[in-house]
Amino acid sequence: MKPETSVRVRFAPSPTGYPHLGNIRTALFSWLFARHHGGKFLLRIEDTDVARKVEGTVDVILDSLRWLGLDWDEGPYFQSERLHYYQEAASKLIEDGFAYKCYCSRERLEMVRQEQMKRKQPPGYDGHCRNLTEQEKSQLEASGIAPVVRFKMPLEGETTLHDLIRGEVTFKNSVLSDFVLLKSDGYPTYHLANIVDDHLMAISHVLRADEWLSSTPRHILLYRALNWTPPQFAHLPMILGPDKAKLSKRHGATNIIDYREQGYLPQAMINFMALLGWSLDDKTELLSREELIEHFSLGRVSKTAAVFNKRKLEWMNGVYLRQLSPEEFARQGTPFLDRGLPSSVKRPLSSSYVRQVMPLLQERAKTLAEIPQLGDFLFFDDIEYDTNLLLSSGLDAKSAIQTIEVVLQRLQTAKTWDASSLEAVLRPLAAELNLSTRKFFGLLRVATTGRTAAPPLFQTMVVLGKEKCFKHLASALQRMSVL
RNA sequence: GCCCUCAUCGUCUAGUGGCCAAGGACGCCAGCCUUUCAAGCUGGAGAUCAGGGGUUCGAAUCCCCUUGGGGGCACCA
């Protein structure tokens, strides 16, 4: 048996949708907390809502956690496979007088709610079945109605919890109603399943989103009724969408796994999410996984909800992208390149060519997904662009034509096709032609890449190769001949 | 409607009574570097610390009220 001080935390998502940034931030903090304290991190799937269950989400949850490297020590446990525990607890609660069966129809509950709304009263169960006589009970039992089990909330008194982040929070019991523990299909509600499992799994600390704070008194009361010691609670600040509302599908690509598709690096995601509601000090922004584990503490978790700022994520991802070795960048970028390049580009892509291309893009990409659009021209046999671009640096068509003709001549004589040789030929040529490097290289850039913004000219020309450069240059001449 | 909770630059945040006429980061602007873009470097704009009352010699920091935001009040989690 582990000493009671040993840290055991869990991440307990429900498979009703793909996990979003907020969900995973909770997982991250729990994981960091466990790793920091040398404790255990468990994974539990809260699949107690048969109706809302979405097929395939468990795989996505596991995939997301693995992608981010949030490894778990136990589980995944599935609550749907543990129904007997909850049913047992419910029976015990009924036996001990802390819970009762309720036979009210959904229609009646709906009516009660409407009535309460109309009278501007707090919605909640009215306790109708709380004090049924034995005769009424057996009658209802015989009628074949499948009952739910409700917790018998104390009518008075208050419940206080000591939250590790919020401090002391007190609720009046009278504002809480007799909530459902066991549904009529025999499945538990979150409230029951969560406390039964946390107890059985010896969870020491419950880290969960702030939205659970107001349910916590119910949980405390349940622990008490079952005569169990509750874990410590830490309610994490929520992560909000740009409209400052709780993160949801409405906010677009918030599913964590989408970020992988969008070319974000797990280490950037981890670093970024850690800073959403937690900070090390007044200046540190970049922290490795190891540093996060070393420094993470609940004491430095903020109380305020955070709006997540995608721009900052992009910046941070760029930082991590540039930190990769060129080989690693090429390795990770290749699938994105392959996917993003038009089908007219011959496949499979030449890996040696890709390796040459990638260093030109690494410094410029904020996400791996940007790679194709950043460097597609390097893969095209013919480049397509607006011919006027050739004149964008300020030359007229005639001198542009002359310039390129000279360039073609001179490059013909170039012995080797590397960046310094090209520079040795071209830079003096600019002076010779009495052109500013800006104009001269600008013209060549458009002619060889079809763009006004591209990676450095000489390196680009080297990667393109002599043959293709000549081809592009020649085609630029042709384009301008009709101007 | 009731309950809970939060409140520092647009956003993420530092700040736990004096070191704060509020620091860092993203973004923005300018300059430098430079063949363009990006990166990098330097500088700048940007917060009467939501408002109002207290407490205190002294408050972003403590207390109260107001306002605003968020969350909850299901046989959903």
Side-chain angles (χ1 to χ4, degrees), chain A residues 12-17 46-49 51-52 102 104 106 109-110 113 116-117 119-125 146-150 163 166 169-172 174-177 179-185 187-191 193-194 209-217 235 237-238 240 242 244-246 272 275-286 300 302-316 318-319 322 360-366 374 392-393 423 426-427 430 436-446 449 451-458 460:
Chain A
S14 74
T16 51
E46 311 225 319
D47 53 349
T48 54
D49 188 337
R52 289 203 316 154
C102 167
C104 291
R106 287 169 200 265
L109 295 176
E110 191 45 43
R113 226 184 322 270
Q116 285 162 330
M117 299 278 258
R119 275 187 276 146
K120 300 200 179 225
Q121 283 179 336
Y125 185 60
V148 301
V149 175
R150 286 182 185 276
D163 188 85
R166 314 269 148 192
V169 185
T170 301
F171 295 81
K172 286 193 187 64
S174 57
V175 304
L176 273 17
S177 61
F179 60 96
V180 172
L181 296 170
L182 212 55
K183 304 179 229 179
S184 54
D185 63 1
Y187 277 72
T189 59
Y190 171 83
H191 303 299
N194 152 69
D210 206 23
E211 56 187 320
W212 293 108
L213 188 61
S214 24
S215 305
T216 311
H235 287 92
M238 307 260 291
L240 276 21
K244 304 214 171 195
K246 186 168 146 179
F272 177 74
L275 258 23
L276 241 32
W278 176 87
S279 62
L280 173 62
D281 55 27
D282 60 340
K283 44 185 60 102
T284 311
E285 301 285 340
L286 267 15
R300 294 201 60 87
S302 109
K303 296 178 179 182
T304 14
V307 174
F308 87 96
N309 178 203
K310 198 162 183 194
R311 287 296 182 83
K312 187 161 179 174
L313 206 211
E314 285 171 1
W315 162 77
M316 193 173 276
V319 171
R322 277 173 256 126
L360 300 184
L361 311 179
Q362 182 166 9
E363 215 175 333
R364 270 151 270 267
K366 285 197 285 292
L374 243 27
S392 60
S393 57
E423 181 161 13
L426 294 175
R427 196 175 287 279
S436 68
T437 48
R438 186 183 186 84
K439 283 185 179 178
F440 181 58
F441 293 143
L443 169 66
L444 295 185
R445 176 171 304 106
V446 173
T449 69
R451 306 176 169 210
T452 52
L457 183 61
F458 308 130
T460 303

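First the proteins, then the strands, lettered A, B, ... as listed; each starts at 1.
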- Task: Would you mind pulling out the nucleotide paired to B:G68, Watson-Crick or G-U wobble, both distances under 3.5 Å?
- Result: B:C6

Strictly under 3.5 Å: I want the nitrogen or oxygen pairs between protein and nucleotides 8-11 of chain B, one per line.
unit_1: B:U11; atom_1: OP1; unit_2: A:Lys244; atom_2: NZ; d: 3.2
unit_1: B:U11; atom_1: O2'; unit_2: A:Val307; atom_2: O; d: 3.3

- Message: Suppose you measure atom C1' in B:G24 against the same atom in B:U67; what distance do you get, rounded to whole Å?
- Response: 30 Å

- Query: Across the strands shown, which category fits A:Glu46 at heavy-atom distances under 4.0 angstrom: base, sugar-phosphate, nothing?
  - Reply: sugar-phosphate

- Candidate nucleotides B:G71, B:U5, B:C75, ranked by approach to the side chain of A:Val180 - the nearest: B:C75

- Along RNA chain B (nearest heavy atom to each residue), the more 5'-positioned of A:Thr284 and A:Pro237: A:Pro237

- Query: Counting side-chain heavy atoms from C-beta on, which of B:C26, B:A14, B:C75 comes nearest to A:Asp282?
  - Reply: B:A14

- Query: In chain order, what residues pass the ring-ring contact (aromatic ring centres under 6.0 Å, His included) check against A:Phe458, with sequence neighbours excluded?
  - Reply: A:Phe441

- Look at all strands and tell whether A:Lys246 reaches a base, only sugar-phosphate, or nothing, counting heavy atoms closer than 4.0 Å. sugar-phosphate

- Query: Which listed nucleotide (B:C6, B:C75, B:U13) is nearest to the side chain of A:Ser279?
  - Reply: B:U13

- Message: With rounding to the closest Å, how many angstrom separate the P atoms on B:A21 and B:C32?
- Response: 34 Å

- Query: Can you tell me how far P in B:C75 sits from the matching atom in B:U16, rounded to whole Å?
  - Reply: 46 Å

- Which nucleotide sits closest to the side chain of A:Lys183: B:A25, B:G71, B:C76? B:C76

Anything under 3.5 Å between a protein N or O and an N or O of nucleotides 1-3 of chain B, put it in a table, one pair a line.
unit_1: B:G1; atom_1: O2'; unit_2: A:Lys120; atom_2: O; d: 2.9

- B:A74, B:G71, B:C26: which one has an atom nearest the side-chain heavy atoms of A:Arg113? B:A74

- Could you tell me whether A:Phe179 contacts a base, only the sugar-phosphate backbone, or nothing, with contacts defined as non-hydrogen atoms closer than 4.0 Å? nothing

- From OH (A:Tyr125) to CG (A:Leu109), nearest 0.5 Å: 6.5 Å

- Which part of the nucleic acid, if any, lies within contact of A:Pro188, taking any heavy atom under 4.0 Å across all strands shown: a base, the sugar-phosphate backbone alone, or nothing? sugar-phosphate

- When you get a sec, tell me which of B:C28, B:C75, B:A77 is the closest nucleotide to the side chain of A:Glu211? B:A77

